[in-house]
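Note that ligands are numbered from 1 as they come in the structure, with each ligand's atoms numbered from 1 the same way.
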Amino acid sequence: MHTGRIDIDLDAITANVRRLRRLTTARHLMSVVKADAYGHGLVPVARAAVAGGADWLGTAQPREALALRRAGLRERLLTWLLPPGAPIEALLAADIDVSASADWGIDDIARAARRTGRRARVHLKVDTGMGRAGAMPADLPALVHAARQASEAGALEIVGLWSHLAAADDPGHPSLPAQQSAFEQAEQVLTAAGLTPRLRHLANSAGLLEHPHLHYDLVRPGLAGYGLTPVPHLGGPDRYGLRPALTLSAPLLLVKRVAAGQGISYGHTYVTPADTTLGLVPLGYGDGIPRHASNTAQVWVNGRRAPVRGRVCMDQFVVDLGPDAKDAAGARVLVFGPGDHGEPTAQDWADAAGTISYEIVTRLSDRIPRHYQGGGADWAAADPVASGEP
Ligand SMILES: *Cc1c(COP(=O)(O)O)cnc(C)c1O
């Protein structure tokens, strides 16, 4: 049995999504639940997001989209990482929208559509400056030509035009107006070819929170739904009325007195300057605790912050409880959470480890048991990803 524990506040997710709904004029909101809902648990989170008003769900991997359908979610669903050989027939049979960035993608989808006898719903992805997925402007005519032919043949319907922002977290970044104009030019290319995508979408969380003119018909928040902010330099989640949903905790396994001069953990990267009390936390990089947080992050125990000392190991790390700590073995250590008690947040851990809060929560291993509170808690046991089913 793992002694660590992840608590997910599903009501917070529902309230966050409801809040995001109010912050947008877009007709549709897609909650992005890729990567096991950023480490929060795919199916319970999807249900909580739907309860908050998400009428679309999005996953990068087809496997997760199919898992949502198997769990009984009936919302519109888009999945976008379709490698050659992707299970497109299964996606179409499950009524899942797919994305295409190149003419070969259209061909694959059209072939699958003919085999299943189902008309595919396709979102054309354009690269408006992100430099990642999507057709470059020069390649768009070929994509549009293939899409139009397949559409006329009845194999598919082009329902969406979409793209992704590179620097929405940096208001004033010159890529923002450039991407907007490239997006609108792409729309004209489609329109000129007789394709009229009803769903134009561009905005991730940062786009939703900071750039209302880029919301178009649908917004695609991921991180903000979990109550974390993609723009920590502008303020915490409360700036937007959001609340972090995830708390990571563990019992203090061992508490012991050590003298000044005690080296701690591998490499003795920390040596106690004075007599003190150490506590052992049974979580490590095997659980997703970043080793880069060695000697920099803090936890919350016995009503105060305690610093991580020495290197984070695979299954454990050490915190300094101070010279006058009482024997606190068994005390609950809050590694991070919403911050209500004074505990660090995922953002604090991100700052300590030189990364982003996305990575802190998404890397948490599914060997740590998840406990769900609130709205959809009944569904926790039905999480096919968390329970390790394919
Ligand atoms: C991950 C992702 C999102 C959500 O991004 P956040 O910054 O978490 O809101 C939206 N769209 C695409 C294509 C993504 O890959």
Side-chain angles (χ1 to χ4, degrees), residues 13 16-17 19-21 23-24 26 28-40 42 45-46 49 52 54-65 68 76-83 96-101 105 122-135 160-171 173 175-176 179 183 186 199-212 214-234 237 240 242 244-246 346-347 350 355-363:
I13 290 172
N16 291 335
V17 173
R19 174 84 191 138
L20 295 173
R21 263 286 197 189
L23 293 176
T24 182
H28 304 285
L29 184 145
M30 175 190 296
S31 278
V32 176
V33 292
K34 64 192 180 194
D36 204 9
Y38 294 41
H40 292 61
L42 179 66
V45 163
D55 56 341
W56 279 78
L57 297 167
T59 72
Q61 294 185 0
R63 189 181 74 97
E64 291 189 315
L68 289 168
R76 292 288 295 272
L77 193 37
L78 173 66
T79 187
W80 55 82
L81 275 191
L82 301 186
I96 294 166
D97 288 33
V98 292
S99 169
S101 294
V122 179
H123 300 234
L124 295 183
K125 182 142 196 199
V126 288
D127 189 340
T128 52
M130 171 75 176
R132 197 176 67 176
L161 172 68
W162 72 306
S163 188
H164 195 50
L165 295 169
D169 56 336
D170 187 0
H173 196 282
S175 66
L176 284 157
Q179 287 202 260
F183 192 61
L199 297 162
R200 296 160 304 159
H201 47 113
L202 182 59
N204 53 6
S205 292
L208 194 169
L209 296 174
E210 291 294 329
H211 308 287
L214 300 179
H215 290 187
Y216 297 100
D217 305 307
L218 178 150
V219 287
R220 302 190 309 267
L223 192 75
Y226 307 97
L228 299 169
T229 162
V231 283
H233 48 287
L234 300 180
Y240 304 101
L242 303 172
L246 187 148
Q347 184 62 47
T355 182
I356 50 178
S357 61
Y358 294 78
E359 190 181 4
I360 297 296
V361 291
T362 304
R363 284 172 54 129

Which heavy atom of the protein is the closest neighbour of [atom], given with residue, atom name and distance?
atom	answer
atom 1 (C) of ligand 1	Lys34 NZ, 1.4 Å
atom 9 (O) of ligand 1	Ser205 OG, 2.5 Å
atom 13 (C) of ligand 1	Trp162 CZ3, 3.5 Å
atom 12 (C) of ligand 1	His164 CE1, 3.4 Å
atom 7 (O) of ligand 1	Tyr358 OH, 2.6 Å

Within the 4.5 Å heavy-atom criterion, are [X] and [Y] side-chain neighbours or not?
X	Y	value
Tyr240	Asn16	no
Tyr38	Leu228	no
Lys34	Trp80	yes
Pro230	Asn204	no
Leu199	Met30	no
Leu23	His215	no
Val126	Phe183	yes

**Message:** Is it the case that the ring center of His201 lies less than 6.0 angstrom away from the ring center of His28?
**Reply:** no
**Prompt:** Under a 4.0 Å heavy-atom limit, does Arg132 contact ligand 1 with its side chain, its backbone, both, or neither?
**Reply:** side chain
**Message:** Heavy atoms only, cut-off 4.0 Å: how does Tyr226 contact ligand 1, side chain, backbone, both, or neither?
**Reply:** neither
**Message:** For Pro221, state whether at least one heavy atom is located under 4.0 Å from any atom of ligand 1.
**Reply:** yes
**Atoms in ligand 1 flagged as close to Leu223, the criterion being non-hydrogen separation under 4.0 Å** = 6 (P), 8 (O), 9 (O)
**ligand 1 atoms in contact with Tyr38 (distance to a heavy atom under 4.0 Å)** = 1 (C), 4 (C), 5 (O), 6 (P), 8 (O)
**Message:** Regarding ligand 1, does Arg220 bring an N or O atom to under 3.5 Å of one of the ligand's N or O atoms?
**Reply:** yes
